**Q** 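Dropping a structure here in structure tokens format, bear with me for questions.
Position 1 is the first residue of the sequence, and the numbers go up from there. We use all heavy atoms of the structure for the numbers below, so side chains are in, but hydrogens, waters and symmetry mates are not. In this text the structure is predicted, and so the values were computed from the model without any measurement.
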Amino acid sequence: MSAIRTAKLQLRKSMHQRLLQLSAVDLSSQSQLVQAHVLALPAFQRAQHVSIYLSMDSAEAQTYGLVEQALASGKSVYVPRCHGQQMDMVRITNLQGLTPNAWGIPEPSHSEPAVDPSVLDFILVPGVAFDKSGSRCGHGKGYYDRYLRQAANAVTCAICLSEQLVDHVPISEHDLKPHILVTPQGIVE
């Protein structure tokens, strides 16, 4: 196992333990601050076709409010759907009718058509840990790193809780940095 892979594995494990300590009140408060910063981003405001991942119930910034705001403002909203080692984005018009995947994250039916990645102009990117240079440690499956290579026209924006911001994230040549990182304290570009 490479040194970078081992370091990422250790970072994910320690971050998981750190995030388990976060109270529901703190999670909600930080998520609301992150949401306000994302909604104020000129890139988000200009975007018409946005991809927003659906957050897990704990241990990451909550995104359901962003989905609802984007839909209410008339944006076309797309959410991830995983199949095997691939991920695509599927348009939704509400949060109803989604089915939990293997990780318990709601996603659209596999009968729904996927969007061409070049259509997207803003993609919200999840992660486990981030540093101020924009380096991102994902969940370890590489879904977003592979997908973002197909969506070169989109502005990519990662969001994180204060606890997810670390001094250094180990990265390898296939790891892509988001254009923007949003924390509860503000924006890192």
**Q** Is Arg136 salt-bridged to Asp145, going by a charged N under 4.0 Å from an acidic O?
**A**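 Here Arg136 pairs with Asp145 in a salt bridge, since their nearest N and O are under 4.0 Å apart.
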**Q** What residues, two or more places apart in sequence or in another chain, satisfy ring pair (Phe, Tyr, Trp, His ring centres under 6.0 Å) together with Phe122?
**A** Phe44
**Q** Side chains of Glu107 and Thr99: is there a donor and an acceptor less than 3.5 Å apart?
**A**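 No, because no side-chain N or O of Glu107 sits under 3.5 Å from a partner of the opposite role on Thr99.
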**Q** Is the NZ or CZ atom of Arg149 both under 6.0 Å from the centre of the six-membered ring of Tyr147 and within 45° of that ring's axis?
**A**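 The answer is no, since Arg149 fails at least one limit relative to Tyr147.
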**Q** Does a side-chain heavy-atom distance below 4.5 Å link Val166 with Arg18?
**A** yes
**Q** For atom CG of Asp57, decide whether the heavy atoms of other residues, nucleotides or ligands shown that lie under 6.0 angstrom number more than 12.
**A** no
**Q** Just wondering, do Cys157 and His179 contact through their side chains at under 4.5 Å, heavy atoms?
**A**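 No - every pair of side-chain heavy atoms lies 4.5 Å or more apart.
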**Q** Identify whether Leu54 and Leu161 are in the same connected component of the hydrophobic contact network (ILVMFWY, side-chain heavy atoms under 4.5 Å).
**A**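 Different hydrophobic clusters.
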**Q** If we ignore hydrogens and angles and just use 3.5 Å, is the side chain of Ser31 paired with the main-chain N or O of Leu27 as donor and acceptor?
**A** yes
**Q** Can you tell if the side chain of Tyr53 reaches within under 4.5 Å of the side chain of Thr63, non-hydrogen atoms only?
**A** yes
**Q** Does a side-chain heavy-atom distance below 4.5 Å link Glu112 with Arg81?
**A**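 Yes, at least one pair of side-chain atoms sits under 4.5 Å.
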**Q** In the structure I gave you, are the side-chain heavy atoms of Val155 and Ile180 within less than 4.5 Å of one another anywhere?
**A**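 They are in side-chain contact.
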**Q** With hydrophobic residues grouped by side-chain heavy-atom distances under 4.5 Å, do Val169 and Leu165 end up in a single group?
**A** no
**Q** With sequence neighbours left out, write down each residue that passes salt bridge (charged side-chain N to carboxylate O under 4.0 Å, His left out) with Asp116, or none if nothing qualifies.
**A** none
**Q** Counting only heavy atoms not in His83, do more than 12 fall under 6.0 Å of its NE2?
**A** yes
**Q** Is it possible for you to say whether Ile92 and Met87 belong to one hydrophobic cluster, with membership spreading through side-chain heavy-atom contacts below 4.5 Å?
**A** yes
**Q** Are Val38 and Ile187 grouped together when hydrophobic residues (ILVMFWY) are joined by side-chain heavy atoms under 4.5 angstrom apart?
**A** yes
**Q** Would you mind reporting whether Ile52 and Tyr78 have side-chain heavy atoms less than 4.5 Å apart?
**A** no
**Q** Less than 3.5 Å apart, any donor N or O on the side chain of Glu163 or Gln30 sitting next to an acceptor on the other?
**A** yes
**Q** Under 3.5 Å, side chain of Lys75 to main-chain N/O of Gln45, donor-acceptor pair present?
**A**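 Between the backbone of Gln45 and the side chain of Lys75 there is a qualifying donor-acceptor contact (under 3.5 Å).
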